[in-house]
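Notes for the one structure printed next.
The basis for the numbers below is simple: all heavy atoms, side chains too, and nothing from hydrogens, waters or symmetry mates.
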Amino acid sequence: MPGGQRHAPKPGQPRKPRPSQQQPSQQQTSQHRPRQAAAGGSPEIEGRIADVISPVIAAAGMDLESVRVSAAGRRRLLRVVVDSDRGVSLDDAATISRKLSAALDAAPVMGDFPYTLEVSSPGVDRPLTDPRHWRRAVGRLVQVTAADAGPISGRVLAADADGVTLDVAGDHRRFGYAALGAGAIQVEFGHPQTELGATGDGH
């Protein structure tokens, strides 16, 4: 019995290092997560960035379409998509890029991480969801699903605050926006590419 009492703790001794072996991996996971969250983007961070840059974009006569922040190695990539009724030229993108860089440098929203700013206009794959999207698609061939009509393909003849007029196989048809899903521009040969962009390095 005394000998058994001495040997009884030994089977349990190898189990003791196991929790301590798991602890380093748990600590490493908790250490990496904050870095990824800070280096990448989140709706909250992107919302704060939008609050800073929206007035600058509006002052330039443009609309802010989207803000996206993603990790790119040790840097962050800030993608800003802008648009206007007259479109966005390369010079427009370069000018607004410089103005946005100055606004971001004056605000703490980007933190201490170095970043690259990329400013571009929407591509043809941008869904048509707002009246301004339809207005800027006048003359383009689009496909959209309409209530009580199903999928239709037509050319945008006009668009205003209430709805859009499409040429569907020679028939001019008027649709309210509430009756339309998201429209998609159809790529046609002969139409110039509208995707423009400019990049700039942040601090």
### Task
Following the transitive rule for hydrophobic clusters with a side-chain heavy-atom cut-off under 4.5 Å over Ile, Leu, Val, Met, Phe, Trp and Tyr, establish whether Val81 and Leu90 coincide in one cluster.
no

### Message
Has Tyr115 got a side-chain atom pairing as donor or acceptor with Leu77's backbone, closer than 3.5 angstrom?
### Response
no

### Task
Begin with the C-alpha distance, continue with both residues' side-chain angles, and end with the deciding distance and a verdict on salt bridge (Lys or Arg N to Asp or Glu O under 4.0 Å) for Asp83 and Arg126.
CA-CA 11 Å; Asp83 200 7; Arg126 187 265 308 274; 3.3 Å; yes

### Query
Tell me, do Ile152 and Gln143 make a side-chain contact under 4.5 Å, heavy atoms counted?
no

### Message
Show, in sequence, the C-alpha distance, side-chain angles and deciding distance for Leu104 and Val109, and conclude whether the side-chain contact (heavy atoms from CB on, under 4.5 Å) test is met.
### Response
CA-CA 7 Å; Leu104 291 168; Val109 289; 3.8 Å; yes

### Message
Main chain of Gly139, side chain of Arg155: is a donor-acceptor contact present, judged purely on distance under 3.5 Å?
### Response
yes

## Note on the structure
Heavy atoms of Ser101 and Leu117 approach each other most closely as OG-CD2, 3.4 Å

Show the atom names and distances, to 0.1 Å, of all donor-acceptor pairs under 3.5 Å that link a side chain in residues 49-64 to residues at least two apart or in another chain.
{"unit_1": "Ser54", "atom_1": "OG", "unit_2": "Ala50", "atom_2": "O", "d": "2.6"}
{"unit_1": "Asp63", "atom_1": "OD2", "unit_2": "Arg136", "atom_2": "NH1", "d": "3.3"}
{"unit_1": "Asp63", "atom_1": "OD2", "unit_2": "Arg136", "atom_2": "NH2", "d": "2.4"}

### Message
With a 4.5 Å cut-off on side-chain heavy atoms, are Asp125 and Val187 touching?
### Response
no

### Task
Evaluate the side-chain proximity of Trp134 to Val142: yes if any heavy-atom separation is below 4.5 Å, no if none is.
yes

### Rounded distance (nearest 0.5 Å) linking atom CD1 of Ile96 with atom OG of Ser120
12.5 Å

### Task
Could you please spell out the steps behind the side-chain contact (heavy atoms from CB on, under 4.5 Å) verdict for Ser153 and Leu141?
CA-CA 7 Å; Ser153 180; Leu141 184 66; 3.9 Å; yes

### Query
Does some side-chain heavy atom of His133 sit less than 4.5 Å from a side-chain heavy atom of Glu65?
yes

### Message
Does either side chain, that of Asp92 or that of Ser89, offer a donor lying less than 3.5 Å from an acceptor on the other one?
### Response
yes

### Message
With a 4.0 Å cut-off on N to O distance, would you call Asp130 and Arg135 a salt bridge?
### Response
no

### Message
Quick one, Arg68 with Glu118, criterion salt bridge (Lys or Arg N to Asp or Glu O under 4.0 Å). Give me CA distance, side-chain angles, the key distance, then yes/no.
### Response
CA-CA 10 Å; Arg68 293 291 182 270; Glu118 178 183 285; over 6 Å; no

### Query
Any idea which heavy atoms bring Ala149 and Arg173 closest together, and the distance?
CB-NH2, 4.0 Å

### Query
Between Arg79 and Glu46, is there a salt bridge with N-O shorter than 4.0 Å?
no

### Query
Would a hydrophobic clustering, with Ile, Leu, Val, Met, Phe, Trp and Tyr connected at side-chain separations under 4.5 Å, put Leu166 with Val138?
yes

#### Entry: Shortest non-hydrogen separation from Ala137 to Ile185 and the atoms involved
CB-CD1, 4.3 Å

### Task
Looking only at non-hydrogen atoms, find the nearest pair between Arg174 and Asp162 and report the distance.
NH2-CB, 3.8 Å

### Which atom of Val164 lies closest to which atom of Ala158, heavy atoms considered
CG2-O, 3.2 Å

### Query
Looking at Ala146 and Leu180, what are the two nearest heavy atoms and their distance?
CB-CD2, 3.8 Å

